[in-house]
Amino acid sequence: MESRPPVPPFTADTAAQKVRMAEDAWNSRDPGRVVQVYTEDTRWRNRAEFPVGREQVRAFLQRKWERELDYRLIKELWAFGGPRIGVRFAYEWHDAAGQWWRSYGNENWEFNAQGLMERRYASINDLQISAQDRLFHWPLGRRPDDHASLSALGL
């Protein structure tokens, strides 16, 4: 059976590792890479969309990153217990017209015994920002290890 360590029950260290691994995958903006950490029958809530299964999630992510350009994300561990992790996040992106946005949110994750995510529930708010208000300036891809966290940025 497929496995994605670290696996539950999580410790503070393994939960933080799982969060950073998720952040790195999402910053790749590669739907094929991202969906590999979810169960085949994963269930999501993301704003008003409710994809079920890897293929629906893959299609959702493809649409997302076609619309949310120059996407850069920071995730931060909020809470953990047993097979669950709570995360807060912010990401910056611009639309096709060049308008910048910062999207804030919280995610609740639940994993199976093999460390694959079975459920992902996300609540997200979008804030229109100017290009001068951007805080995430690293080159597209993985956030550098020395880049400030959400807490350090006051987000």
Residue pair Y104, L127: steps toward the side chain to side chain contact (heavy atoms under 4.5 Å, CB included) verdict | CA-CA 8 Å; Y104 298 94; L127 176 67; 4.0 Å; yes
How far apart are the C-alpha atoms of E76 and R88, what are their side-chain angles, what is the distance that settles it, and do they pass the salt bridge (Lys or Arg N to Asp or Glu O under 4.0 Å) test?
-> CA-CA 5 Å; E76 190 169 281; R88 63 188 209 95; 3.2 Å; yes
Verdict with reasoning, R63 to E49, per salt bridge (Lys or Arg N to Asp or Glu O under 4.0 Å) | CA-CA 12 Å; R63 289 189 313 275; E49 293 193 55; 2.5 Å; yes
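By the ring pair (Phe, Tyr, Trp, His ring centres under 6.0 Å) test, W101 pairs with W93, sequence neighbours left out. Every residue meeting the side-chain hydrogen bond (donor to acceptor under 3.5 Å, both in side chains) condition with E55, not counting sequence neighbours, appears here in chain and number order: R58. Partners of D126 by side-chain hydrogen bond (donor to acceptor under 3.5 Å, both in side chains), not counting sequence neighbours, listed by chain and number: R47, S103. F80 is linked by a ring pair (Phe, Tyr, Trp, His ring centres under 6.0 Å) to nothing, counting only residues two or more places apart in sequence or in another chain. Evaluation of the side-chain hydrogen bond (donor to acceptor under 3.5 Å, both in side chains) rule for R33 yields no partner, not counting sequence neighbours. When the side-chain hydrogen bond (donor to acceptor under 3.5 Å, both in side chains) test is applied to H94, the partners found at least two apart in sequence or on another chain are D70.
With respect to the salt-bridge test (charged N to carboxylate O, under 4.0 angstrom), the residues K75 and E23 do not qualify. Taking a cutoff of 4.0 Å between a charged side-chain nitrogen and a carboxylate oxygen, E2 and R54 qualify as a salt bridge. Salt-bridge formation is detected for the pair E110/R84: a Lys NZ or Arg NE/NH1/NH2 atom is positioned less than 4.0 Å from an Asp or Glu carboxylate oxygen.
Between the side chains of T11 and D13, not a single donor N or O lies within less than 3.5 Å of an accepting N or O.
For the pair R120 and W44, the cation-pi criterion (under 6.0 Å, within 45° of the ring axis) is fulfilled.
F89 and F60 fall within the same hydrophobic cluster, defined by Ile, Leu, Val, Met, Phe, Trp and Tyr side-chain heavy atoms under 4.5 Å apart, directly or through other members. In the hydrophobic clustering of this structure, Y121 does not group with M117; members are Ile, Leu, Val, Met, Phe, Trp, Tyr whose side-chain heavy atoms approach within less than 4.5 Å, directly or through other members. No chain of hydrophobic side-chain contacts below 4.5 Å, direct or via other Ile, Leu, Val, Met, Phe, Trp or Tyr residues, connects F50 to I124. Clustering ILVMFWY residues whenever any of their side-chain heavy atoms sit less than 4.5 angstrom apart, transitively, puts L69 in a cluster other than the one holding W100. Hydrophobic clustering keeps L116 apart from W26 (ILVMFWY residues linked when any side-chain heavy atoms are closer than 4.5 Å, directly or through intermediates).
Here the straight-line distance linking atom CD of E68 with atom CG of L73 works out to 10.0 Å at 0.5 Å rounding. Residue N46 holds its CG atom at 6.0 Å from NZ of K64, rounded to the nearest 0.5 Å. The line from CG of D41 to CZ of R119 is 8.5 Å long, rounded to the nearest 0.5 Å. The structure places OG1 of T42 at 11.5 Å from CH2 of W109, a figure rounded to the nearest 0.5 Å. To the nearest 0.5 angstrom, E92 atom CD is 6.0 Å from R134 atom CZ.
Residues G82 and P8 come closest through the heavy atom pair O-CB, 3.6 Å. The shortest non-hydrogen separation linking V7 to G115 is CG1-N, 3.7 Å. Summarising the geometry of Q62 relative to P31, their closest heavy-atom pair is OE1-CG, 3.7 Å, with the distance given to 0.1 Å. Heavy-atom minimum distance, Q17 versus P6: OE1-CG, 3.8 Å. A pairwise comparison of heavy atoms in N27 and G141 identifies CB-O, 3.4 Å as the closest pair. Closest approach of M21 to P5, counting heavy atoms only: CE-O, 3.5 Å.
Paired with I85 under the rule side-chain contact (heavy atoms from CB on, under 4.5 Å), one option of T14, N108, L77 passes, and it is L77. Checking each of L153, L135, L155 against I74 for a side-chain contact (heavy atoms from CB on, under 4.5 Å) leaves exactly one that passes, namely L153.
Looking at heavy atoms from C-beta onward, E118 lies out of side-chain contact with F111 at the 4.5 angstrom threshold.
Taking the ring centroids of Y91 and F136, they lie at or beyond the 6.0 Å cut-off.
With hydrogens and angles disregarded, no donor-acceptor distance shorter than 3.5 Å links the side chain of S123 to the backbone of G105. Judged by distance alone, the side chain of Q99 and the main-chain N or O of I129 form a donor-acceptor pair under 3.5 Å.
Around the CH2 atom of W65, the shell of radius 6.0 Å holds more than 12 heavy atoms that belong to other residues, nucleotides or ligands. By the neighbour-count criterion of 12 heavy atoms within 6.0 Å, atom CZ of R43 is sparsely surrounded, having that number or fewer from other residues, nucleotides or ligands.
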